[in-house]
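Excluded from the calculations below are hydrogen atoms, water molecules and symmetry mates; all remaining heavy atoms, backbone and side chain alike, are included. Keep in mind it's a predicted model, so treat the numbers as computed, not measured.
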Amino acid sequence: MPGVPEAPVRADELVLLSAPTPAHLAATASRLADWLAKGVDTVVLADVARALRVGRAAMPCRVVCLGRDVPQLVAELRRFADTRTGGGGLRCADLRAGAVDPLGLGAAPETRDYLAALWRGGRLEQLTLLWLSGVDVDWAAMEEGTGGPGAVPPPSVFLRQPLWLDPVEEQAG
């Protein structure tokens, strides 16, 4: 259709996960792998990948997978959940130590246009590296008009942690 930009054709889908801590990230990867494995024949990877990009806030512990199909993604996520390290098709980063957006690209007004050009050009490797370094990527704006919201992946993981008051502090108060 004239005047309507076509969505780029991609061999791989860009799947992003983030969480507040490495333990949360591993648990989220494991839970997503389990959810995907249950619907391996009915899940559309492009829909899940888009929902994860545009429907979740970016947190400091991040993992990226470029996946071609659901079984490959399930295997990569399970490997990550077991080892908490990248490898294979995964890259990960922990931005809790500080070095978020070390080049200050997020503050430059031209960055949004640059990121959109990378997306249109299918430059997933560069987008991945920028997102892992802490650059704030507005995936929804870049993907505007490329489809619906897609599948809704399972909710984020909340790890169980015992929380109680120290008996000494309780008596003092």
So [Y] and [X], do their side chains get closer than 4.5 Å, heavy atoms only?
| X | Y | answer |
| --- | --- | --- |
| L14 | W139 | yes |
| W119 | V137 | no |
| L115 | W131 | no |
| L130 | T111 | no |
| L32 | L52 | yes |
| V64 | V15 | no |

task = Could you point out which residue of D69, V70, L77 forms a side chain to side chain contact (heavy atoms under 4.5 Å, CB included) with L73?
result = L77
To the nearest 0.5 Å, what is the distance between [atom1] on [X] and [atom2] on [Y]?
| X | Y | atom1 | atom2 | result |
| --- | --- | --- | --- | --- |
| R62 | T128 | CZ | OG1 | 11.5 Å |
| Q72 | L36 | CD | CG | 12.0 Å |
| C61 | L17 | SG | CG | 12.0 Å |
| Y114 | R123 | OH | CZ | 9.0 Å |
| T21 | R96 | OG1 | CZ | 6.5 Å |
| D138 | E143 | CG | CD | 10.0 Å |

Give me the atom names and distance for the closest heavy-atom approach of [X] to [Y].
| X | Y | result |
| --- | --- | --- |
| D12 | L124 | O-CD1, 3.8 Å |
| D94 | P22 | OD2-CG, 3.7 Å |
| A93 | L132 | CB-O, 3.4 Å |

Stepwise side-chain contact (heavy atoms from CB on, under 4.5 Å) check, D34 with R78 = CA-CA 9 Å; D34 292 345; R78 287 195 171 136; 3.1 Å; yes
inquiry  = Check whether T28 reaches the backbone of S18 with its side chain - one donor and one acceptor, N or O, closer than 3.5 Å.
reply    = no
ask   = Is L129 reachable from M59 through a run of I, L, V, M, F, W or Y residues, each pair having side-chain heavy atoms under 4.5 Å apart?
value = no
key: More than 12 heavy atoms of other groups within 6.0 Å of R112 CZ   = no
